[in-house]
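Bear in mind that the values here come from a model prediction, so they are computed numbers and not experimental data.
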Amino acid sequence: MVKKIIKVIRDPKIAVFYILNSKISRLIPDAYFLKIPYKIRTGKKLDLKNPVSFNEKIQWLKINNRNPKYTNMVDKYEVRKYISNTIGEEYLNPLLGVWDKFEDINFEALPNQFVLKCTHDSGRLLICKDKSKFNLAEAKKKINNSLKQNYYYSGREWPYKNVKPRIICEKYMEQDDGDELRDYRFFCFNGEPKFIAVDFSITNKKKTRRNLYDLNWNLMDGEISYPKELSLRVEKPDKLDLMIALSRKVSKDIPHARVDFYYINQKIIFGEITFFHQSGMGKIRPIEFEEQMGNWLKLPQKRN
């Protein structure tokens with residue numbers, strides 16, 4: 001413990017990390033808090049008075065665009081109602097259950113393969129490919145730890161602040177070509193999709209690659225955080241036009257939303273809605289592309 005404290009004192013970056021992830025950070029107002037991780041992750045000073053770049057505008061939206069409907073749209077259970085009412089329940093991955101506590105889950109009633117996730121956070125899930133090998137003790141530890149967290153405080157993404165922590169179970173999905181499951185992420189600006197991101201090797205961040213495509217499925221020059229994957233070819237989805245139309249409906253009247261779909265055996269399946277891609281701190285290259293993304297994002301004149 002003593003060595004850990006000494007290390008924190010000697011390394012300012014580690015000290016900042018501990019402060020940002022401690023409960024004391026909750027006392028820091030959002031506008032002040034965001035300037036710290038923004039500077040660390042992007043190397044730039046955050047200007048909230050006159051935001052220009054995409055990332056700056058995302059931080060502005062965190063503070064000033066707090067539409068109550070966003071809370072249900074990031075809730076992994078409640079968003080199903082929004083999708084059902086907006087584009088239809090046929091685009092939802094089958095739900096196998098929803099619970100308040102891990103102890104309430106009847107694993108004997110679940111199929112051999114399934115996916116567990118919490119309703120109130122982002123990115124953390126448990127994939128079971130074989131129930132006989134599923135480590136219940138480890139799963140319980142991870143889920144219970146997640147249930148205690150409030151995802152809002154890590155990046156001040158306001159919609160997550162009041163999401164009710166629950167556990168849901170969904171049908172396990174596999175890509176039709178046997179490859180790792182791929183997200184088709186539609187970046188929408190003021191209700192209009194502008195480009196699509198497809199990630200590769202998402203479970204190993206050291207190997208993750210990200211290709212950006214325009215709406216005609218041409219590979220774009222721009223990059224966001226990860227380099228391109230040029231050795232693999234992703235065919236243009238046969239139902240790309242429909243996916244574009246669906247993302248347009250889902251993101252209607254929203255300054256910025258990333259609408260994610262899976263595409264398996266020519267079936268479109270909704271993934272999630274994200275209002276703050278990489279919490280508005282991803283590295284966008286080249287600078288011209290970052291400026292273009294900033295120009296696409298028109299901030300509302302009135303604050304919610």
Side-chain angles (χ1 to χ4, degrees), residues 37-38 40-44 53-59 61 74 115 117 121-125 127 151 154-155 157 173-189 192-240 243-244 246-248 250-251 256-264 268-297:
Y38 188 86
I40 294 172
R41 292 176 61 180
T42 69
K44 301 176 182 178
S53 71
F54 170 79
N55 282 333
E56 279 186 326
K57 289 184 176 182
I58 288 296
Q59 308 310 319
L61 288 171
V74 300
V115 175
K117 60 181 75 170
D121 64 7
S122 178
R124 287 177 285 188
L125 50 81
I127 299 173
Y151 187 73
S154 63
E157 298 182 21
M173 297 184 292
E174 282 186 325
Q175 203 64 45
D176 43 5
D177 58 5
D179 198 3
E180 188 174 18
L181 197 62
R182 291 192 294 270
D183 271 326
Y184 293 78
R185 298 172 171 177
F186 291 75
F187 283 70
C188 303
F189 298 80
E192 191 61 37
K194 294 293 186 180
F195 66 91
I196 307 133
V198 179
D199 289 4
F200 304 85
S201 301
I202 58 175
T203 55
N204 186 341
K205 294 302 180 182
K206 292 182 179 179
K207 295 182 178 180
T208 298
R209 299 291 184 267
R210 173 175 290 153
N211 286 353
L212 306 182
Y213 300 90
D214 65 21
L215 300 188
N216 294 312
W217 208 250
N218 298 307
L219 186 64
M220 299 170 65
D221 292 331
E223 296 179 352
I224 303 178
S225 298
Y226 301 105
K228 298 183 185 68
E229 175 54 75
L230 301 177
S231 64
L232 296 175
R233 177 180 174 84
V234 179
E235 296 294 335
K236 175 182 176 181
D238 293 337
K239 296 183 180 179
L240 178 62
M243 295 170 81
I244 292 172
L246 294 174
S247 67
R248 186 177 288 119
V250 171
S251 64
H256 173 67
R258 198 195 76 209
V259 182
D260 297 358
F261 293 109
Y262 300 105
Y263 188 63
I264 303 172
I268 301 169
I269 303 171
F270 170 76
E272 67 175 354
I273 303 170
T274 299
F275 296 107
F276 316 103
H277 176 72
Q278 290 187 248
S279 202
M281 299 180 196
K283 294 183 179 180
I284 304 171
R285 301 177 291 267
I287 186 64
E288 292 79 12
F289 183 51
E290 182 177 13
E291 291 173 351
Q292 179 63 74
M293 289 179 66
N295 290 335
W296 282 331
L297 209 175

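- Among all heavy-atom pairs drawn from Leu240 and Ile196, the shortest one is CD1-CD1, 4.0 Å.
- Relative ring orientation between Phe261 and Phe186 is described as perpendicular, the plane-to-plane angle rising above 60° on a 0-90° scale split at 30° and 60°.
- Atom CG of Leu297 is separated from atom SG of Cys188 by 11.5 Å, given to the nearest 0.5 angstrom.
- Under the 3.5 Å distance criterion, the side-chain polar atoms of Trp217 are left unmatched by any main-chain donor or acceptor of Pro237.
- Two residues are said to be in side-chain contact when any heavy atoms from C-beta on lie closer than 4.5 Å; Leu232 and Asn211 fail this criterion.
- Judged by distance alone, the side chain of Glu291 and the main-chain N or O of Pro286 form no donor-acceptor pair under 3.5 Å.
- Looking at Lys228, its side chain does come within 3.5 Å of a backbone N or O of Asp221 through a donor-acceptor pair.
- Annotation: the span from Arg182 atom CZ to Asp260 atom CG amounts to 14.5 Å, rounded to 0.5 Å.
- Checked by atom type and distance alone, the side chain of Ser53 pairs as donor or acceptor with a backbone atom of Glu56 at under 3.5 Å.
- Within the 4.5 Å cutoff, no side-chain heavy atoms of Ile284 are placed close to those of Glu223.
- In summary, the aromatic rings of Phe54 and Phe187 are positioned with their centroids too far apart to meet the 6.0 Å limit.
- Ile273 is not listed as a side-chain neighbour of Val74, based on a closest heavy-atom distance of 4.5 Å or more.
- Looking at every heavy atom in both residues, Arg41 comes nearest to Ser279 through NH1-CB, 4.4 Å.
- Atoms OH and OH, on Tyr213 and Tyr184 in that order, are 8.5 Å from each other to the nearest 0.5 Å.
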Take Arg185 and Arg210, measure what side chain to side chain contact (heavy atoms under 4.5 Å, CB included) needs, and give me the verdict at the end. CA-CA 11 Å; Arg185 298 172 171 177; Arg210 173 175 290 153; 3.5 Å; yes
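- Taking the charged nitrogens against the carboxylate oxygens, Glu290 and Lys283 have no contact shorter than 4.0 Å, which rules out a salt bridge.
- Residues Ile244 and Pro193 share a closest heavy-atom pair of CG2-CG, 3.7 Å.
- Of the inter-residue distances, the one linking Glu229 atom CD with Thr208 atom OG1 reads 10.5 Å to the nearest 0.5 angstrom.
- In this structure, Ile58 CD1 and Met281 CE are separated by 10.5 Å, a value rounded to the nearest 0.5 Å.
- With hydrogens and angles ignored, the 3.5 Å screen pairs no side-chain donor or acceptor of Asp199 with any backbone N or O of Asp183.
- Aromatic ring pairs are classed by plane angle as parallel below 30°, tilted from 30° to 60° and perpendicular above 60°; the pair His256 and Phe189 is tilted.
- Note that CD1 of Ile268 is 5.5 Å distant from CG of Leu246, once rounded to the nearest 0.5 Å.
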Would you please test Ile224 and Phe289 for side chain to side chain contact (heavy atoms under 4.5 Å, CB included) and show each step? CA-CA 9 Å; Ile224 303 178; Phe289 183 51; 4.2 Å; yes
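- Leu230 has its side chain within reach of Leu219: a pair of non-hydrogen atoms, C-beta onward, lies under 4.5 Å apart.
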(message) Go through it in stages, so that I can follow the logic: the residues are Lys194 and Glu192, the test is salt bridge (Lys or Arg N to Asp or Glu O under 4.0 Å), and I'd like the CA-CA distance, side-chain angles, deciding distance and then a yes or no.
(response) CA-CA 6 Å; Lys194 294 293 186 180; Glu192 191 61 37; over 6 Å; no
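- Here the side chains of Asp176 and Tyr263 are not in contact, with every heavy-atom distance at 4.5 Å or above.
- Shortest non-hydrogen contact noted between Asn55 and Gly282 is ND2-O, 2.8 Å.
- For the pair Glu157 (side chain) and Tyr151 (backbone), a donor-acceptor distance under 3.5 Å is absent.
- The shortest heavy-atom contact between Phe195 and Met220 is CB-SD, 3.5 Å.
- Distance alone, capped at 3.5 Å, is enough to place a donor-acceptor pair between the Asp214 side chain and the Asn216 backbone.
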